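To start, the structure under review is shown below, and the notes come after it.
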Amino acid sequence: MPLLPGAEPFRHEGGETAVLLCHGFTGSPQSMRPWAQHLADRGLTVSLPLLPGHGTRWEDLGVTGWQDWYAEVDRELRLLRDRSARVFVAGLSMGGALALRLAARHGDAVSGVMVVNPANKVHGVAAHALPVLRHLVPATKGIASDIAKPVTRELGYDRVPLHAAHSLRNFFRLVDRELPQVTQPLLLMRSPQDHVVPPADSARILSRVSSVDVTEVLLEQSYHVATLDHDAELIFRESTAFIGRLAPGAVREPGLGKEGTTAGG
């Protein structure tokens, strides 16, 4: 299937410090591209891959699972490590869970973690019915575009395939068990008004990681897809300050590097 316009992955070859960005469930790189471009403009190497099953049609997502999504970001991390002195990982929603698992499993190969409204659990009564319900109902209503900013839209599916949702539920359970292995500096940015991921998820993550260097930032003016919302610039500033503090000299003023590029998946 052809990619939806705007769903293309983003890559930028910058300096020796790299950032791997992970988009959310049923979403696409479009939700993270402004953040990726901001980091690229400041001289960082940036990779924002398109996760398998995303960016085309919801039926394609239904035949993938967490192993496919994680394998994609794990591969990207290994490629970045081959050419970079330091790699930071970042993610939105499910992408936050992917980033946290990369940190848990790769240890010192990850210099820091930045997550926005990270997801930790599939909530609601329906979550417990997923093992059976997924065989009876192919999909349910979508979760994309929870954004406070008028007219702004997230490029995401309008349906959630239940086979993929069941796999996501299993992935969250796996990541939750691995959170104590996360020891890297952590920047967690969350929206008090989030209609997709409740505050309990961020609280759970903060209570379980072993990181000593932890910064929590509230995104007061945004909903779930805060990377496209009113607080996007705050996310960009906080993340560049976080990287600059941990990797002195890695972040430079914009206008001194190449523009990022998109590549077909």
Side-chain angles (χ1 to χ4, degrees), residues 21-27 31-32 51 66 69-70 73 89-105 112-131 133-134 140-148 154 156 160 162 164-232 234-235 238-239 242:
L21 295 161
C22 310
H23 70 74
F25 183 63
T26 76
S31 63
M32 307 281 281
L51 300 179
W66 74 260
W69 315 324
Y70 181 76
V73 295
V89 295
L92 167 68
S93 194
M94 177 190 76
L98 290 169
L100 288 162
R101 186 165 202 247
L102 288 171
R105 294 183 64 85
V113 186
M114 304 174 291
V115 292
V116 176
N117 293 322
N120 179 255
K121 183 179 180 181
V122 175
H123 296 268
V125 177
H128 300 288
L130 275 174
L133 193 61
R134 65 192 175 109
T140 187
K141 65 179 182 178
I143 56 173
S145 287
D146 184 35
I147 301 172
E154 178 189 15
V160 175
L162 294 192
H166 179 257
S167 182
L168 179 65
R169 179 173 178 252
N170 292 337
F171 179 62
F172 286 156
R173 288 177 167 182
L174 174 66
V175 175
D176 188 71
R177 293 194 297 269
E178 295 180 343
L179 285 176
Q181 299 173 41
V182 177
T183 60
Q184 298 89 340
L186 172 63
L187 171 62
L188 188 148
M189 298 170 277
R190 65 176 182 87
S191 304
Q193 296 185 77
D194 186 329
H195 305 99
V196 178
V197 174
D201 284 32
S202 286
R204 173 73 176 179
I205 289 166
L206 290 173
S207 72
R208 299 226 356 117
V209 298
S210 298
S211 305
V212 175
D213 183 343
V214 176
T215 303
E216 182 179 12
V217 175
L218 295 184
L219 308 172
E220 301 278 5
Q221 306 302 316
S222 301
Y223 294 162
H224 183 63
V225 192
T227 49
L228 296 178
D229 216 330
H230 294 294
D231 292 302
L234 176 59
I235 292 170
E238 291 288 344
S239 60
F242 179 77

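Numbering starts at 1 and runs along the sequence shown. Predicted model, so just to flag it, every value in this text is computed and none were measured.
- When all heavy atoms are compared, the tightest approach of Val160 to Ala165 is CG1-CB, 4.1 Å.
- Looking only at distances, a side-chain donor or acceptor of Asn117 sits under 3.5 Å from a matching main-chain atom of Ser191.
- Taking the six-membered ring where tryptophan is involved, the planes of Tyr70 and Phe171 are tilted, since the angle between them lies from 30° to 60°.
- Considering all non-hydrogen atoms of both residues, Pro118 and Asp201 come closest at O-CB, 3.6 Å.
- Contact annotation: the side chain of Leu188 never approaches that of Val214 to less than 4.5 Å [non-hydrogen atoms, C-beta and beyond].
- Taking the six-membered ring for Trp and the full ring otherwise, Phe25 and Trp69 have centroids separated by under 6.0 Å.
- Side-chain N or O atoms of His23 include one that pairs as donor or acceptor with a backbone N or O of Leu51 at under 3.5 Å.
- Taken from NE2 in His195 to CD1 in Ile147, the straight-line distance is 12.5 Å, to the nearest 0.5 Å.
- Proximity of a side-chain donor or acceptor of Gln184 to a complementary backbone N or O of Gly112 within less than 3.5 Å is not detected.
- The closest side-chain heavy-atom distance from Arg204 to Lys121 is not below 4.5 Å.
- Judged by distance alone, with hydrogens and angles left aside, the side-chain atoms of Asp231 form a donor-acceptor pair with the main-chain N or O of Gln221 at under 3.5 Å.
- For Glu220, there are no salt bridge (Lys or Arg N to Asp or Glu O under 4.0 Å) partners two or more places apart in sequence or in a different chain.
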Apply side chain to side chain contact (heavy atoms under 4.5 Å, CB included) to residues Leu179 and Asn120 and explain how you reach the verdict.
CA-CA 10 Å; Leu179 285 176; Asn120 179 255; 3.9 Å; yes
Pairs of donor and acceptor atoms involving the side chains of residues 90-98, under 3.5 Å and at least two apart or interchain, shall be tabulated with distances.
residue, atom, partner, partner atom, Å
Ser93, OG, His224, NE2, 2.9

Begin from the C-alpha positions of Leu206 and Leu186 and carry the test side chain to side chain contact (heavy atoms under 4.5 Å, CB included) through to its verdict.
CA-CA 9 Å; Leu206 290 173; Leu186 172 63; 4.1 Å; yes
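- The backbone N or O of Tyr223 sits nowhere less than 3.5 Å from a side-chain atom of Asp146 that would complete a donor-acceptor pair.
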Which is it for Val113 and Leu187 under the side chain to side chain contact (heavy atoms under 4.5 Å, CB included) test, yes or no, and what are the steps along the way?
CA-CA 6 Å; Val113 186; Leu187 171 62; over 6 Å; no
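- Of the possible donor and acceptor atoms, none in the side chain of Thr26 sits under 3.5 Å from a partner among the backbone N and O of Gly156.
- Not a single donor-acceptor pair under 3.5 Å links the side chain of Thr183 to the backbone N or O of Ser211.
- Closest of all the heavy-atom pairs between Glu154 and Gly27 is OE2-CA, 3.9 Å.
- With rounding to the nearest 0.5 Å, the separation of CG in Leu228 from OG in Ser145 is 8.5 Å.
- In this structure a side-chain-to-backbone donor-acceptor pair under 3.5 Å is present from Arg208 to Asp176.
- Exactly one residue among Asp194, Asp229, Leu234 makes a side chain to side chain contact (heavy atoms under 4.5 Å, CB included) with Leu219. That residue is Leu234.
- Annotation for Ala99 and Val115: closest pair CB-CG1, 4.4 Å, computed over non-hydrogen atoms.
- Distance CE/Met189 to OG/Ser222: 11.5 Å, rounded to 0.5 Å.
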